[in-house]
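Worksheet: one structure, shown below.
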Amino acid sequence: MIDLKYLQNNFQEAQAKLQKKHVSDEIIEALHNAFIEQKQANATLEEAKANQNQLSKLFGQYKREKKDTTELKLQVDANKELIASLQEIASKASEALEKVALSTPNFPHESVPYGEDENDNVEIKKVLTPRVFDFEPKEHWDLGTLNNWIDFERGVKLAKSRFSVIRGMGAKVERALINFFLDENASKGFEEFCVPFINNATMLQGTGQLPKFEDDLFKIDGEDLYLIPTAEVPLTNFYHDEILSAKELPILLTGYTPCFRKEAGSAGRDTRGMIRQHQFDKVEMVALAHPDKSDEIFEMMVENASNILTKLGLPHRLVTLCGGDLGFSASKTVDIEVWLPAQQKYREISSISNVGDFQARRAKIRFKDEDGKNKLVHTLNGSALAVGRTLVAIMENYQNADGGIEIPEVLRKYL
RNA sequence: CGGGAGAUGGUAGAGCGGUUGAAUACACCGGUCUUGAAAACCGGCGAGGGUAACACCUCCGGGGGUUCGAAUCCCCCUCUCCCGGCCA
């Protein structure tokens, strides 16, 4: 959630920021008005409550002094009715506010470039040069089947479309990648976590998936629980509703989890292969940082994810997302795209975001500053890395003319 | 899944239906003392909203109810602990 006081006090500026992220003026104004209405309704309600508390005290006093309370009782009853009606107004105002506020995206960081969609994203740099093939490189789905690394048909049989089975050496490489990623993250100071793959609605709201993106989530029937779409949810919410001390910041967390996504809006996209699945493995980095330090930690996380790809010998590029392509919660995002020779394209394999205080405000993650004040932390998250897509990248980049696949040097000790 | 006990501030742990947002202890922060530290002593110390700052409002697991007034009484839910069943 954005800072509504900031919106109120710096309306023009806030509006300009949200416009960069393509939030319509109507929504911004609706939010602004809902906030002011809620504040007013609350103020009048509190006034009536204060009055009621006074009368109650007086009532007690009368009783002790054995004075007659009939008159007072009438006053109290009248005020009680007033409170009830004011309460209703205030509750409605709060609900209305919450509805807009929770669905309004985060402000973009100053450094975010303007733009409509992914075409306006800005490339930062390319790392490693794509290999030149002296044969026609195969697609990973062909290589996967050929080498018995991936079984697409049986994945569909077991579940439904967009599920697959990784087997044999493919499964071993998948596992090796997870271990390699976790070790790399640990070497940068990230603590490793094994977390629940099912989280409750409060946590999903904390990181911003709910209420707006319910359609993208697998919900457990009859329960207030969801399969996590990313480890960002449990890792960020690990400190949900807690107050940390400034000294322990930054807190760096990493963990491997499967991720579950309905891919509701992706009909027809990447239907072949392993690029877009309902379930995929990912190793995630999460940081809780002092607001002054989050930019610095962001760079570290980008660097780390890129380094991992470099160690694997996979050509990739770094891209800063423009305002129009930024996700709901992110204030700034760098995508890392890996080279897929068969498609002759860079495809997203990691996305690192600085979320600022947006999730912290929702999830109530604060820290006690040196001056004793409670402030919101900044949260950051990023994949290091998406495991399935890395497997795809290895297959395609390390394929031989006969369809065989070489294993990257850094992974061999894990096999 | 069945039987019993409980849920209060960072932790432990009081709390009569009104002056208790909450005793006390420990932890923590600041100060005195000390070469420094410890000990001792003094002071501070829950959260959210609201305000220029006060005032004021809300919160004692969550939600309802009784009452002029509830942490304290009643109901429901959740969670934790102990006993039994099941089980990786």
| request: Decide if the gap between the ring center of Y226(A) and the ring center of F218(A) is smaller than 6.0 angstrom. | output: no
| task | To the nearest Å, give me how far apart CD (Q87(A)) and P (G63(B)) are. | result | 12 Å
| At under 4.0 Å, does any side-chain N or O of N42(A) touch on OP1 or OP2 of G49(B)? | no
| Are side-chain heavy atoms of I228(A) and T257(A) found at a separation under 4.5 Å? | yes
| Say you pick atom C1' in A23(B) and the same atom in A14(B); how far apart are they, in whole Å? | 6 Å
Between protein and nucleic acid, restricted to nucleotides 55-61 of chain B and to nitrogen or oxygen atoms under 3.5 Å apart, what atom pairs and distances do you find?
{"from": "C57(B)", "atom 1": "OP1", "to": "N53(A)", "atom 2": "ND2", "distance (Å)": "2.6"}

| request: May I ask which nucleotide in the shown strands pairs with U78(B), Watson-Crick or G-U wobble, both distances under 3.5 Å? | output: A7(B)
| query | Quick one: side-chain hydrogen bond (donor to acceptor under 3.5 Å, both in side chains) partners of D335(A), sequence neighbours excluded? | reply | S351(A)
| field | Result of checking H378(A), E232(A), H240(A), K364(A) against Q359(A) for side chain to side chain donor-acceptor pair (under 3.5 Å) | value | E232(A)
| message | What's the gap between G18(B) and A70(B) when it is taken at their C1' atoms, as a whole Å value? | response | 10 Å
| note | Applying the 3.5 Å cut-off to both distances, the Watson-Crick or G-U partner of G43(B) turns out to be C29(B)
| query | Among side-chain atoms of T230(A) and K282(A), is any donor-acceptor pair under 3.5 angstrom? | reply | yes
| note | From NZ of K373(A) across to P of G44(B) the rounded distance in Å is 20 Å
| Complementary nucleotide of G2(B), counting Watson-Crick and G-U pairs under 3.5 Å | C83(B)
| According to the interplanar angle, ranging from 0 to 90°, do the rings of F107(A) and Y6(A) count as parallel (below 30°), tilted (30 to 60°) or perpendicular (above 60°)? | perpendicular
| Protein-nucleotide distance (L244(A), atom CG; G10(B), atom P), rounded to Å | 13 Å
| said: Between A71(B) and C16(B), how far apart are the two P atoms, rounded to whole Å? | reply: 13 Å
| With rounding to whole Å, what would you report as the distance between G64(B) and G48(B) at their C1' atoms? | 23 Å
| request: Nearest whole angstrom, please: distance from the C1' of G9(B) to the CD1 of I243(A). | output: 11 Å
| query | Expressed in whole Å, how much space separates the C1' atoms belonging to G31(B) and G15(B)? | reply | 33 Å
| query | When the P atoms of A12(B) and G17(B) are considered, how many whole Å apart are they? | reply | 26 Å
| Which value, in whole Å, describes the distance between the C1' atoms of nucleotides U72(B) and G61(B)? | 16 Å
| request: Could you tell me if the ring centre of F213(A) sits under 6.0 Å from that of F328(A)? | output: yes
| query | Whole Å only: how far is the CZ atom of F367(A) from the P atom of G10(B)? | reply | 18 Å
| query | Over how many whole Å does the gap from H240(A) atom NE2 to A47(B) atom C1' extend? | reply | 14 Å
| field | Pairing partner of A22(B) (Watson-Crick or G-U wobble, both distances under 3.5 Å) | value | none
| Over how many whole Å does the gap from D241(A) atom CG to G10(B) atom C1' extend? | 14 Å
| Short side-chain N/O contact to U51(B) OP1/OP2 from K39(A), under 4.0 Å | yes
| query | Any side-chain N or O of K368(A) less than 4.0 Å from the OP1 or OP2 oxygen of A47(B)? | reply | yes
| note | Applying the 3.5 Å cut-off to both distances, the Watson-Crick or G-U partner of G69(B) turns out to be none
| task | Would you please test N200(A) and D224(A) for side-chain hydrogen bond (donor to acceptor under 3.5 Å, both in side chains) and show each step? | result | CA-CA 6 Å; N200(A) 62 48; D224(A) 184 38; 5.7 Å; no
| How far, in whole Å, is C60(B) from G10(B) if one measures between their P atoms? | 14 Å
| Distance under 6.0 Å and angle within 45° of the ring axis: does K20(A) meet both against Y114(A)? | yes
| Within this structure, what is the CZ-to-C1' distance between R362(A) and G48(B), rounded to whole angstrom? | 18 Å
| message | Quick check on the 6.0 Å ring-centre criterion: do F367(A) and H290(A) meet it? | response | yes
| query | Is the F260(A) to F197(A) ring centre distance short of 6.0 Å? | reply | no
Polar atom pairs (N or O), protein with nucleotides 67-73 of chain B, under 3.5 Å:
{"from": "C68(B)", "atom 1": "O2'", "to": "S56(A)", "atom 2": "OG", "distance (Å)": "3.1"}
{"from": "G69(B)", "atom 1": "O4'", "to": "S56(A)", "atom 2": "OG", "distance (Å)": "3.4"}

